[in-house]
Amino acid sequence: MSQSTPVTKASHVVLVDGSGYIFRAFHALPPLTRKRDGLPIGAVAGFCNMLFKMLKDQKDDSRPTHFAVIFDKGSITFRNDIYDLYKANRSETPEDLIPQFPLTRDATRAFGAPAIELEGFEADDLIATYARQAEALGARVTILSSDKDLMQLVSDRVSMLDPMKNRHIGPKEVEEKFGVSPDKVIDVQSLAGDSVDNVPGVPGIGVKTAALLLGEYGDLETLLDRAGEIKQKGRREKLLQHADMARVSKELVTLKTDVAVDVALEDLGVTDPDVEVLFDFLEEMGFRTLTARVRQALGDGQSDGIRADDTAVDTQGAFVSPATRGTYPNTVFDPTRYECVQTEDRLIHWIRRGFEVGVVAVDLETDGLDSRAANLVGVCLAVDDNEACYVPLAHKGEGDLLGEGVPDQIPMARALELLEPLLHDPAVLKIGQNFKYDLGVFLRHDLYPAPYDDTMLISYALDNGINSHGMDALSETHFGHSPVPFKEIAGTGKNQKTFDMIGLEDATRYASEDADVTLRLWKFLKPKLAAGHVTRVYESIDRDMPHVVAKMENEGIKVDRAELSRLSALFSQKMAGLEAEAHELAEGPFNLGSPKQIGEILFDKMGLPGGKKTKTGAWQTGVEILEDLADNGEALPRTILNWRQFSKLKSTYTDALQAQINPGTNRVHTSFSLAATTTGRLSSSDPNLQNIPIRTEEGRKIRDAFIAEPGHLLVAADYSQIELRLLAHMADLPTMKQAFADGVDIHALTASEMFGVKLDAMTPDIRRQAKAINFGIIYGISAFGLANNTGVDRSTAAEFIKTYFEKFPGIRAYMEATKAEAKELGYVSNLFGRKCHIPGIRERNPQRRAFAERQAINAPIQGTAADIMRRAMTRMPDAIHGVEGARMLLQVHDELVFEVPEGREDALIAVVKQAMEHAHEPAIHLSVPIDVEAQAAKNWNDAH
DNA sequence: GTAATCACG
DNA sequence: GACGTACGTGATTACG
């Protein structure tokens, strides 16, 4: 055990926050039980690994001279006398953790370290006491914890180490977190409060504001004394009103540094553990791997460091996807070998190399991010590791004088002419990363590269839900190599250069590296498709998306600027009226756009009931809260809601959309992301055309502005209830399948099954509830969520769910099987075999695990629908080929929008319906019919 | 840059 | 110690 060793300047005192560590280890590590009897020991295992690492795996200069593990004792401390609600919001300690508390103390002693605790004090107070004592003697102190409450102790001699992330926390890190130096941390916490410990603080003041105020006034007392001088009214009143709370909070967060400890600091001197005791303990726990490591460390005096032991790594290993295993053999990048191609001869040489190898990475550089507005600036090719070139085509001079210093470049038309045979050769595979972008640019130069592979989509098929699929992220994940950031060569902010302004040396280094990385990613990832059983997903669903979607983006959709402008004016007018009304009701002006001010007016000033706080301590003022208040007869909340609706419509749609209209064509071009979602859906941005209003009458007006060219019509084709149909098929629900086969209103059917109401006696209200339940099922229903959404109470919602499970018995089996699959494999698959990785599925935290389970239930349904849509889209060019002048413009998850010359709309609808309704075939067979509804009109609103 | 809010399927 | 409850997205504004 410990020995008495004086603490001096040369000492290194290591204090472990034992209680903090156990809780974190318990939640972070997979559940692990002792084989013999099922005793839960996961946290103990993590704890032992940490102790061993701390004691043995240290460099000589950081090895502890004094060491102790400190624990909380009891849950009532002196702080409860100050504030009876202190830590009152803590939930019960998990059942599986309770038996592990005494075991961690045993473990501590087995490692020869003192386990220290004292009735009436938290571990933090004991740590503070020892730390300050040691500091006063000039020693160095390391606190093993990530608890922010301990950060007030940090100084130039006292630092913290997060034992799970191995992250060092010094004065700099504390300042990053709190915005003030460590000696002001207490003051910040007193103001900001802490929801975890239920420290009240001053409402409405968070860490950021607290730091700001302290920066101005120095310390808490000064600030409270001079609070009357604060300019911002809200803050001033808060501080004046809650000064006492701040003072109480200060007492709560200030750690005691003068606890009368019963083990003296110098008695914490490190000794070697009693080997026999240690091995007995490890064997008792069944930690075989750790036993072996300890033996090895004691035997040869060297340790290879502790990796997580036994089960921890194995179970986590299940989440490592095929693609993330291993690295590409050559991860050395040599920019000196990249060539800048400025002559036809050299370009011909590179093209010849491309034909020889048959696989060429192609990357285009442009002067913007929007592939339609951007101009081609250069082309990049890679044919092998480190063998890449950059062909500048439209670089300007580095100086700003006209024509001054413009580099020699092959004329663009000539270069593209030379490249064309390579790009179109069916025997040469082109590789791109997010090739949709490059294809869009090529399209405008009348080039159609084929065949091609897209590394972003390969990664998406392999790893969705795990990595993101951008090039930099992929390079870092698989090669441990960070490509040159664009910012580094182009600068940032408004002085950021576009690519044509960048010098050839930098441009060559940057662009060639992109192509080089892309080619290596392809070599590394492509073979993994087969191993991951996702070849079919990639080949038959994703591979053709880039050129199909590039074409759609290029087409854009026509938007009537005058109509939008008219609506903007209309909405402005409405807002002005509502604003005046709101200010009158509030008896004073305020910013209607500020949720913070609204909360303060409704709940502080007017004192309305039903206020809830967000996790940051601000009042919630979302629709649901305001609706409730309005239902109670309050006028102001309704006015605010109405104002918000018009504000949203104006700012997000009628104003923003006008700015996005391409002046040449009067069309708007969105960008679809093919690899942004975990389920397989697309997303749309710049602008997002997948969330144009439709649910309210006012909002729908915006769709009037989406129009067809003169002499043309828009056609909107929607999958009808596709997710419910897929649910009926996947969960094998005979009643529901029959209803779909018969063309019955599915929500009415559900209602009649659940509530025993005949179809012809259906009321809209009952049907609406049934509809909510149907959606709930798809989202991985919970009683809480359903109650929220239908307005019934929680027990009624639970009854609904129970009835649903009884009436549609396949549901429960589907849900359980899906959760089990996710738990076993770490991912779920949709009907086409697309995987959706669910990283949280083995979370210890019940809430987060429940969230993961709902994701697991939803992903196959949403994802199968998404993939049916993808297949329909890739088949669409062929399908509509016979309808002259027809073009596909937009996708909105279950809807496709086309434009067609007037008179050909019926022909188009026929082929589109056919393609969409059979898109899943022959890959899968469904036991429900798929139904598509399509309509033609002059504008998007009327096409529904 | 983050949080809150709200638009869509 | 951390979650704060239906799935999947993106854009805007306030606030600092």
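No hydrogens, no waters, no symmetry mates; every other heavy atom, side chains included, goes into these values. All chains are named by letter (A, B, ...) in the order of the sequence lines, taking the proteins before the strands, and each is independently numbered beginning at 1.
- When the P atom is used for both C/dC3 and B/dA4, the distance is 14 Å, rounded to whole Å.
- By the stacking rule of 5.5 Å between ring centres and under 30° between planes, A/H27 stacks on the base of C/dG1.
- Comparing A/S684 and A/D147, the nucleotide of DNA chain C nearest to each residue sits closer to the 5' end for A/D147.
- Distance CG (A/D194) to C1' (C/dC3): 14 Å, rounded to an integer number of Å.
- Separating the P atom of C/dA2 from that of B/dA7 is a span of 34 Å, rounded to the nearest Å.
- The listed nucleotides are C/dC7, C/dC15, C/dC3; the one nearest the side chain of A/N845 is C/dC3.
- In terms of the ring-ring contact (aromatic ring centres under 6.0 Å, His included) criterion, A/F832 has no residue partners (sequence neighbours excluded).
- With C/dC15, C/dA11, C/dG16 as the candidates, the nucleotide lying closest to the side chain of A/Q597 is C/dC15.
- Looking only at atom types and distance, the side chain of A/Y804 has a donor-acceptor partner in the side chain of A/N774 under 3.5 Å away.
- In this structure, a donor-acceptor pair under 3.5 Å is present between the side chains of A/S146 and A/R24.
- A donor N or O paired with an acceptor N or O is found under 3.5 Å between the base of C/dA6 and the side-chain atoms of A/N789.
- To the nearest 0.5 Å, the span separating CD1 on A/I143 from CD1 on A/I169 amounts to 9.5 Å.
- For A/N858 and C/dA6, the shortest distance from a side-chain N or O to OP1 or OP2 is not below 4.0 Å.
- Put simply, CD on A/E723 is 8 Å from C1' on C/dC7, counting in whole angstrom units.
- The phosphate of C/dA6 (OP1 or OP2) has no side-chain N or O of A/R854 nearer than 4.0 angstrom.
- Of the residues in residues 647-655 of chain A, those placing a heavy atom less than 4.0 Å from an atom of DNA chain B are A/K648, A/Y653, in numerical order.
- Atom name P, nucleotides B/dC6 and C/dA6: the rounded distance is 15 Å, in whole Å.
- Distance A/R794 CZ to C/dT5 C1': 9 Å, rounded to the nearest Å.
- Comparing C/dG8, C/dT12, C/dT9 by their closest approach to the side chain of A/A656 singles out C/dT12.
- The side chain of A/F784 lies closest to C/dT5, out of C/dT9, C/dA2, C/dT5.
- A close approach under 4.0 Å does not occur between any side-chain nitrogen or oxygen of A/T679 and OP1 or OP2 of C/dG8.
- In this structure, A/L144 places its CG atom 14 Å from P of C/dG1, rounding to the nearest Å.
- Between A/Q891 atom CD and C/dG8 atom P there is a gap of 17 Å when expressed in whole angstrom units.
- As the counterpart of C/dT13, B/dA3 is assigned, both hydrogen-bonding distances of the Watson-Crick or G-U wobble pattern falling under 3.5 Å.
- Taking atom CG of residue A/L682 and atom C1' of nucleotide C/dT9, one finds them 11 Å apart after rounding to whole Å.
- Of the side-chain N and O atoms in A/Q855, none sit less than 4.0 angstrom from OP1 or OP2 of C/dA6.
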Inset, instruction - Step by step, work out the salt bridge (Lys or Arg N to Asp or Glu O under 4.0 Å) result for A/D125 and A/R79. - result: CA-CA 11 Å; A/D125 297 309; A/R79 289 192 175 81; 2.8 Å; yes
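- Nucleotide C/dC7 forms a pair with B/dG9, judged by Watson-Crick or G-U wobble geometry with both contacts under 3.5 Å.
- The nearest heavy atom of DNA chain C to A/Q847 and to A/F851 marks one nucleotide each, and the one closer to the 5' end goes with A/Q847.
- Here C/dG10 presents its C1' atom at 5 Å from CG of A/N688, a figure rounded to the nearest Å.
- Bounding nucleotides for the chain A contact on DNA chain B, 5' to 3', at a heavy-atom distance below 4.0 Å, are B/dA3 to B/dG9.
- Taking atom CG of A/D894 as the reference point, atom P of C/dG8 lies 17 Å away to the nearest angstrom.
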